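Let me begin by presenting the structure, written as C-alpha cells, before commenting on it.
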Amino acid sequence: MIVGASLAGPRTAAALRELGYDGELTIIGAEPYPPYDRPPLSKELRIVDLPYDGLRATWRLGRRAVGLDAGRRAVRLDDGTLQTGDGLVIATGACARPWPGRVPARGVFTLRSRDDALALRAELAPGRRLVVIGAGFLGGEIAAAARRRGLTVTLVEAADQPLRGALGAEAGAFLAGLHRDAGVDLRTGRTLRAFQGTDRLTAVTLDDGSTIPADLSVIALGAVAATEWLAGSGLLLDSGLRCDERLRVLRADGGPAPGIVAVGDVVRWPHPLAGGNLISLGHWTNAVEQAATAAHNLLHPHDARPYTGVPSFWSDLYGAKIRSIGLPALADEVRVAESDPAARRLEAAYLRDGRLIGAVTVNRVARLAPYRRELHAGLTAVVTR
Amino acid sequence: MRVTVDLGLCESHGQCVFAAPEVFAFDDDDNLRYESEPPAALSAQVEQAAALCPVRAVSVRRTAP
C-alpha cells in the first residue's frame, strides 16, 4: 500500500514491479487527479500529466489518509474506511508553509498543487501588480513566470540576497542580478508585515512600514512535511517523518517500524554527505532515486541498503539554467571558478571542512560532471566503509 | 539497444550524463551529445538515465542481440 500519488509514490510502485513484486498494489492520493509533474507548475505554470502504464495498481484518488496504526499498517481514510497492507510506503510529500497572519479572501496564493497553479495562472494578467513573498527557488520562478506574462513584480526576501542560505553570497548576488535585469523590484532584507484588504488584496506592507500596492501576492516561504495525519501513529516525527539511512521509518522508540518505508519530500533522514545530520530534500530527483532504494528495502528487509543518491536540483530563471548538486547549503567555503554575469554563466564549488560538498552552475551544466563524480565516489566510500 | 533523445524537450538537466557518462555528455555550450547505439553492457545505466530524465526526453529501445 502506497500513501501518496504524486511522484515518489507511483515511482516506488513502478520500482516494486520492476523488482518482481507481483502482489496487490494500492495507491492512495489526496488530490482527485492522476499523477502530474510538480516542477512545471512553478517553472511555467504548466500542467504535465505523468504516465504510469502497466503498474497494475488500484488507485484511490481524492481520498486523504487521516490516520495510521503503524503496528498493523492500517491506514484510515477520510471516508472512514480502513486500508491495510503487508508493506506500507509513505510518500505524502509536503505542503506550502502558510502565512500565520490574516489573509484577504481573494488575491493571495500559495503554489504547491495543480489546483493552486491553475488558480494563480488565471489571475496572471499583463499589467497586474504581483508581490512574491520569499525569493527562494519557488518564489524566484513565480516572479520569472509573471514577468514573462507582463506583470509588475516585486520580490520580497528576508535575507540580503536571494537563496543566500542555500547557495551562498556569490550565487545569491548572481541571482539578484538576474531578477533585476528582468525588471523585478527585488527588496532584500525585508519581511512581510501584513496583507491589506478584506475582500480582495489591495497592498502588502513590509516590516519597514513601506506599502506596496498589489493585485496579487504569492506566499513562497518554503514547505512543511505532510505528517499531520501521522500524529498519534507511534512514528517518530521531527520536522518530517524520521527514517534511518535505509529509508526505513522509525518508531517513537527509535527502532524501525517493520514493513514501512518512506520516500520523497516527507522523509527526514541522516545523509552521509551531511556528516550523518538529518536533512529533508524537496527535490524531484531525490523522490525518484529514493523510490528504487525504498522498494528494494521493503521487499528485502534483510538486505536493506542505504540510500546514497547525490542530491541534485534545478531551476530556470529567465533562460538561465541553474543546476545544483550535493548540499551547497551546508558549505563553509565557496570557490567560484567562473562568474560572468554578462554571459550569465557561473561555476562554483562548495566545501565543508575543506572537502567538496556541492557545486552550482548557471548555463554551465557540462562543468558539473566532475563534481558529481567526486561526490558520488565520496558517498560510496562512506557507506561501504 | 537504441537510444534517442528528443532534443526539443531536453533542458540540459544533466541527469543522463550523471547516470551514464559513457553514453551522454555535454559540449561546452551545454548541448547534449550521445551515443545512439551503446553496447549492451551499459543497458542498466542507460535505463537509469531514461528514468531520471525530468522531462522524459530519453527513450531506449531494446534491439535484438
Side-chain angles (χ1 to χ4, degrees), chain A residues 7 10-12 14-15 18 37-40 43-44 46 48-52 283-292 295 309-316 319-326 338 343-345 347 359-377, chain B:
Chain A
L7 179 65
R11 285 282 188 142
T12 307
E18 275 162 34
D37 212 14
R38 275 182 215 279
K43 293 173 194 346
E44 299 153 54
R46 218 159 38 95
V48 178
D49 290 316
L50 293 176
Y52 284 99
H283 299 172
W284 188 96
T285 45
N286 181 61
V288 170
E289 293 191 271
Q290 282 188 338
V310 177
S312 76
F313 187 79
W314 77 90
S315 184
D316 292 344
K321 294 180 193 305
I322 302 157
R323 304 289 181 260
S324 162
I325 57 170
E338 178 185 21
R344 308 215 296 175
R345 283 178 159 172
E347 177 188 350
V360 172
T361 63
V362 179
N363 290 337
R364 278 291 197 202
V365 66
R367 305 279 182 87
L368 274 183
Y371 297 116
R372 172 67 165 62
R373 272 199 297 281
E374 186 175 339
L375 289 171
H376 180 70
Chain B
M1 183 172 46
R2 182 154 188 94
V3 177
T4 42
V5 179
D6 185 334
L7 294 173
L9 289 178
C10 176
E11 293 177 353
S12 305
H13 289 284
Q15 296 298 327
C16 58
V17 178
F18 301 154
E22 286 116 317
V23 179
F24 303 92
F26 288 111
D27 67 18
D28 211 41
D29 291 318
D30 288 352
N31 299 306
L32 187 68
R33 305 272 181 257
Y34 64 99
E35 175 65 55
S36 57
E37 289 180 22
L42 295 174
S43 67
Q45 289 179 42
V46 171
E47 298 278 0
Q48 175 80 345
L52 284 174
C53 177
V55 292
R56 300 192 303 283
V58 180
S59 29
V60 185
R61 198 159 47 84
R62 291 171 197 278
T63 48

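Numbered from 1 within each chain, the chains take letters A, B, ... in sequence-line order. Keep in mind it's a predicted model, so treat the numbers as computed, not measured.
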Non-hydrogen atoms of chain B under 4.5 Å away: do they reach the side chain of A/Arg364, the backbone, both or neither? both
Give the minimum heavy-atom separation between B/Cys53 and A/Trp284, together with the two atoms involved. O-CH2, 3.7 Å
What residue in B/Asp27, B/Asp29, B/Val17, B/Asp28 has the most heavy-atom pairs under 4.5 Å with chain A? B/Asp28
Quick check on A/Leu7 against chain B: is it the side chain, the backbone, both or neither that has a heavy atom closer than 4.5 Å? neither
Pick one of side chain, backbone, both or neither for B/Asn31, based on which atoms fall under 4.5 Å of a heavy atom in chain A. neither
Nearest heavy-atom pair of A/Val365 and B/His13: which atoms, and what distance? CG2-O, 4.1 Å
Is it the side chain or the backbone of B/Gln15 that comes within 4.5 Å of chain A heavy atoms, both, or neither? side chain
Turns out that what part of B/Ala51 lies under 4.5 Å from chain A's heavy atoms comes down to both
Has A/Arg323 got a side-chain atom pairing as donor or acceptor with B/Ser12's backbone, closer than 3.5 angstrom? yes
Smallest heavy-atom separation, A/Asn363 atom then B/Asp30 atom, equals C-OD2, 3.0 Å
Just by distance, do the side chain of A/Arg373 and the backbone of B/Phe18 share a donor-acceptor pair under 3.5 Å? no
Within-4.5 Å side-chain heavy-atom neighbours: B/Arg56 and A/Pro51: yes
Okay, A/Val48 and chain B: the region with an atom under 4.5 Å from a heavy atom over there is side chain
